[in-house]
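Before any comments, here is the structure.
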Amino acid sequence: MPKVIRGMKDILPDEVSRWQKIESASRDVFRLFGYRQIRTPALEETALFVKSIGGETDIVQKEMFSFRDRGERDVSLRPEGTAPIVRAYLEASLHKTSPFQKLYYLGAMFRAERPQAGRMRQFHQIGAEAIGSPDPAIDAEIIALEARILDSCGIKDYILRINNLGCKDDKKRLSRTLKDALTDKKAMLCDDCKRRLAINPLRVIDCKKDNCRDALRGTLKNIKFLCEGCIGHFDSVKALLDILRIKYLLDPYIVRGLDYYTRTVFEVSHSRLARGQDAVGAGGRYDNLISDMGGPELGACGFALGIERMIMAMGEGASDFGGGEAYITAYIAAVGEAAHKRGFGILNDLRSAGIACDMDYEAKSLKAQMRSADKSKARFAIIIGDEELASGEAVVRNMATKEQRRVKLEDIVSSIGTPCHD
Ligand code: HAM
């Protein structure tokens, strides 16, 4: 029997309503904050990600689903949403028509990581990108937006860590300092980190191996690499977060595994997730990405939350956040071939009137059909058998009060009445 691909998961109907609630709660928050949805393709040119995320990152080095397509183009399933959105922004010339854009997205991302709890090869992100402003209020808004979504999904006790990576020049200074500090400890580093130390030392900070972490210990505390402008920007972000009463920890080890970040970076973690992949969401500013991709110099900031990890972080609370049932208004219990046919027509009339309804397709007994009606939480059961067909009247049963009345077959739609809104 064919099986789902390792690291990928079917989301079955019982789980889907929880996903829909998370998505709809997020959409409401995005609307509240003035963000509009953008949708980009799942497949992009590989070069887009190499250029934006960085050739030395784990994502590009090891985790992309990349292949050559039939037209000999190198393409990859998107491992994240920021680079495709910046591409779409520039391709649609939004920088010329209305440069400041507040965008959000929901969708599947793909990374060929070693699968384990909370780490999937296909996972789903809810994210936002505010493109076109260097204002520290945008950093604070993006963080507030992420926090508001978590709150509206009932996710509590998450921890927000923030850090300041500085501008391009500051990052170079940080890289040099890190390289100097680690050169003496090179023997402790894994082979990947030895290479990273030469090409992109900041990426050593992403390494999860114990030896590399030991080598890093203490290297980033109290080092001075930030310029005045970046210090001022971060001070403003912190002051604005204080105004919003958003609690945060300062953590110099938050660098995030993507090269495009500058200045503010942040991560939201939750103790319900396993160490090493306890980030429910993360993001930051990326002030050079738009110009690096051929556009003008424009500031931007964004975040992405992982839906699978949000569900893990919900824990027990998740049970309040949607069961699996699809609620309907009416269930047609028809016994016999002729009644089934007539019932099928009534089903269609009810649906045309906007009334959610269903019927049996498994030739079940009347008793079993009434059980199905109960299970589907229908308000009414419409019972049709040979007798009802002969008299031209169905039995309509109110499932809550158990009251039954006879209704002419042609009057069923008007008697069931109000259209269903779900
Ligand atoms: P990221 O930190 O790579 O950032 O991913 C964001 C979130 O996606 C993570 O915190 C996690 O919840 C989820 N995630 C990532 N990888 C996996 C995986 N293999 N399995 C399950 N969940 C995963 C970004 O993707 C940036 N584009 C965020 C951003 C937007 N920065 C600026 N704008």
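Whatever order the structure lists them in is the order used to number ligands and atoms, beginning at 1. Just so it is clear, the structure is predicted and the values come from calculations on it, not from any experiment.
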Listing by chain and number, which residues have a heavy atom under 4.0 Å from ligand 1? E80, T82, Y105, R111, E113, G118, R119, M120, F123, Q125, E129, R256, L258, Y260, Y261, A279, V280, G281, A282, G283, G284, Y286, G302, F303, A304, G306, R309
Name the orientation class of the two ring planes belonging to F30 and Y104 (parallel below 30°, tilted from 30 to 60°, perpendicular beyond 60°). parallel
Would one find more than 12 heavy atoms of other residues, nucleotides or ligands at under 6.0 Å from atom CZ of F67? yes
D139 versus H233, side-chain donor and acceptor atoms under 3.5 Å: yes
Scan R196, R203, R195 and name whichever one has a salt bridge (charged side-chain N to carboxylate O under 4.0 Å, His left out) with E56. R195
Go through the side-chain N and O atoms of T262 and K168 and say whether any donor and acceptor fall under 3.5 Å apart. no
Can you list the residues that meet the side-chain contact (heavy atoms from CB on, under 4.5 Å) rule with D374, with sequence neighbours excluded? M399
